There are 2 protein chains.
Amino acid sequence: MPANRRPRARAEKRDEIVAAARALFVADGYEVTPVSRIAAEAGVTTNTVYWYFADKDHLLVAVLEELLVEALSRYGSVAQAPLPEKIMFAVEELSSMHALVDTVHSRRASSPVIDEWHTGFHELADALTRADLPAENAEAASAEAASAIVAFVVEGLLTHPGDEAGRRAIVELLVSRLVSG
Amino acid sequence: MPANRRPRARAEKRDEIVAAARALFVADGYEVTPVSRIAAEAGVTTNTVYWYFADKDHLLVAVLEELLVEALSRYGSVAQAPLPEKIMFAVEELSSMHALVDTVHSRRASSPVIDEWHTGFHELADALTRADLPAENAEAASAEAASAIVAFVVEGLLTHPGDEAGRRAIVELLVSRLVSG
DNA sequence: ACCTGAACACCGTTCAAGT
DNA sequence: ACCTGAACACCGTTCAAGT
């Protein structure tokens with residue numbers, strides 16, 4: 001079957017590049033890993049990466065999408081749990097990409113793709129959070145503000161890591177005061 | 001007075017470099033402004049910058065210190081105001097450096113000086129916040145968590161700018177639920 | 001369509017040399 | 001002590017050329 005062997009190879013090679021980028025971005029950080037290293041790890045030349053991706057930022061978005069899809073697929077396991085559990089899950093789940101969170105924020109200004117992905121991510125997070133606000137709060141004018149606060153706290157917990165106990169105390173206080181107050 | 005003319009000139013030239021860096025960092029962003037442009041704006045050669053500063057990150061710290069000192073000196077004007085006013089002041093005041101906030105976070109991993117400054121800043125913010133927590137909350141075990149939440153929300157407001165009304169709604173909700181709850 | 005070798009433009013930083 | 005011209009090492013990206 002040489003007919004569809006090409007498209008297969010193409011998708012595979014793209015995936016290998018993304019896989020290499022993902023491993024290096026998560027382990028070492030985005031700004032610190034040269035495209036040349038990603039290419040080497042994926043077994044291609046540096047400029048081959050640019051045949052698959054417009055630039056390094058697009059490659060980052062591909063990695064972020066992969067990470068997000070996987071995290072979302074695991075989200076089902078806590079779908080029925082109370083809100084604090086869900087927030088803790090989100091924090092622990094996203095903590096592997098905590099360095100990427102900072103990268104996304106700092107590259108948002110110079111990269112339209114990253115900015116776009118960031119906006120989409122917050123819309124998703126907002127929808128997820130609102131779905132968990134109790135009915136009384138959900139329609140209230142404060143729903144928007146409450147959801148924003150939850151997002152800010154999650155981001156804060158990601159980028160300012162402390163110990164598990166501290167994180168839990170923050171989440172418990174947040175939920176008890178803000179949501180079920 | 002040629003005797004002390006040299007040290008004067010030194011301090012002045014250093015200040016000019018910091019001033020140039022500050023203007024460019026705030027207007028254009030840290031990662032986007034080359035040291036060469038800072039030098040040109042200050043009327044020196046690129047490598048002269050490296051006589052005054054170990055590297056670009058140290059220069060950023062000098063700028064941050066300047067910005068912080070000035071913000072702090074203006075803080076007196078709201079020292080007596082209620083907490084929501086203070087938080088809004090902090091947000092508006094720091095909003096001119098909102099891009100720098102992201103830069104600090106993303107460079108923390110690779111730059112010890114930046115990491116150090118970041119730690120110090122959060123300690124200061126924490127002390128300031130705790131001083132404003134009502135007595136009942138201040139000694140409570142939740143004081144630490146409450147202070148962290150305030151910091152996270154301020155950072156979130158800085159880096160995810162919305163309109164004034166939205167910001168105020170978030171701050172009002174935060175204070176009413178979290179502090180005076 | 002897919003991939004490469006070689007180059008370009010740029011940037012942070014250093015160094016030998018001057019005063 | 002202070003400053004410079006010139007270079008180094010590195011990086012993201014491009015391009016002409018191959019298959």
Side-chain angles (χ1 to χ4, degrees), chain A residues 1-18 20-21 24-25 28-63 100 103-104 106-114, chain B residues 1-18 20-21 24-25 28-63 100 103-104 106-114:
Chain A
M1 55 289 266
N4 56 350
R5 205 166 164 203
R6 281 304 202 115
R8 274 256 276 178
R10 172 187 161 82
E12 273 162 21
K13 192 155 269 184
R14 209 199 100 110
D15 287 352
E16 274 164 35
I17 293 172
V18 175
L24 290 166
F25 286 169
D28 302 343
Y30 174 85
E31 28 274 304
V32 141
T33 64
V35 176
S36 61
R37 218 163 113 57
I38 297 167
E41 216 78 27
V44 296
T45 333
T46 300
N47 39 24
T48 296
V49 173
Y50 288 89
W51 195 88
Y52 291 92
F53 300 94
D55 53 31
K56 201 185 171 186
D57 290 305
H58 280 78
L59 183 49
L60 174 58
V61 168
V63 169
L100 276 320
T103 300
V104 165
S106 78
R107 291 213 53 70
R108 203 152 57 100
S110 10
S111 167
V113 231
I114 304 251
Chain B
M1 57 290 264
N4 56 352
R5 205 166 161 204
R6 281 305 201 112
R8 275 257 278 179
R10 173 189 160 83
E12 273 162 22
K13 193 156 268 183
R14 209 199 99 110
D15 287 353
E16 275 165 35
I17 293 172
V18 174
L24 290 166
F25 287 168
D28 302 343
Y30 174 84
E31 26 274 304
V32 142
T33 63
V35 176
S36 60
R37 219 166 112 57
I38 298 167
E41 217 79 27
V44 295
T45 335
T46 301
N47 39 23
T48 295
V49 174
Y50 288 89
W51 195 90
Y52 290 92
F53 300 95
D55 53 32
K56 201 185 173 188
D57 290 305
H58 280 80
L59 183 49
L60 173 58
V61 168
V63 169
L100 275 321
T103 300
V104 166
S106 78
R107 292 215 51 71
R108 204 153 55 102
S110 11
S111 168
V113 232
I114 304 253

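It should be emphasised that the depicted structure is a prediction, and the values quoted were computed from it without experimental measurement. Protein chains get the first letters and strands the later ones, always in sequence-line order, with residue 1 at the start of each. All values below come from the heavy atoms of this structure, side chains included, with hydrogens, waters and symmetry mates left out.
Rounded to whole Å, atom P of D:dC2 lies 12 Å from atom CD1 of B:Ile17. When rounded to the nearest whole Å, the span between CD of A:Glu12 and P of C:dC2 equals 13 Å. The distance between atom CH2 of B:Trp51 and atom C1' of D:dC2, rounded to the nearest whole Å, is 6 Å. B:Arg14 has its CZ atom 16 Å from the C1' atom of D:dA1, to the nearest Å. The distance from atom OH of B:Tyr52 to atom P of D:dA1 is 13 Å, rounded to the nearest whole Å.
In summary, the side chains of A:Glu31 and A:Thr103 do present a donor paired with an acceptor at a separation below 3.5 Å, with no hydrogens or angles considered.
Summarising the geometry, atom CH2 belonging to B:Trp51 is positioned 10.0 Å from atom CD1 belonging to B:Ile17; distances are rounded to the nearest 0.5 Å.
Between A:Leu100 and A:Val63, every side-chain heavy-atom pair lies at or beyond the 4.5 Å cut-off. A heavy-atom distance below 4.5 Å is found between the side chains of B:Phe53 and B:Arg14.
The phosphate of D:dT4 has OP1 or OP2 within less than 4.0 Å of a side-chain N or O from B:Thr45.
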Between A:Glu41 and A:Ile38, is the side chain to side chain contact (heavy atoms under 4.5 Å, CB included) condition met? List the steps. CA-CA 5 Å; A:Glu41 216 78 27; A:Ile38 297 167; 5.8 Å; no
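When both distances must be under 3.5 Å, the Watson-Crick or G-U wobble mate of D:dA1 is C:dT19. In this structure C:dC8 sits in a base pair with D:dG12, meeting the Watson-Crick or G-U test at under 3.5 Å.
Both the sub-6.0 Å distance and the 45° axial angle are satisfied by B:Lys56 relative to the ring of B:Tyr30.
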Can you check nucleotides 11-14 of chain C for protein contacts, nitrogen or oxygen pairs under 3.5 Å, and list what you find?
from	atom 1	to	atom 2	distance (Å)
C:dG12	OP1	B:Lys56	NZ	2.8
C:dG12	OP2	B:Val35	N	2.9
C:dT13	OP2	B:Tyr50	OH	2.7
C:dT13	OP2	B:Lys56	N	3.0

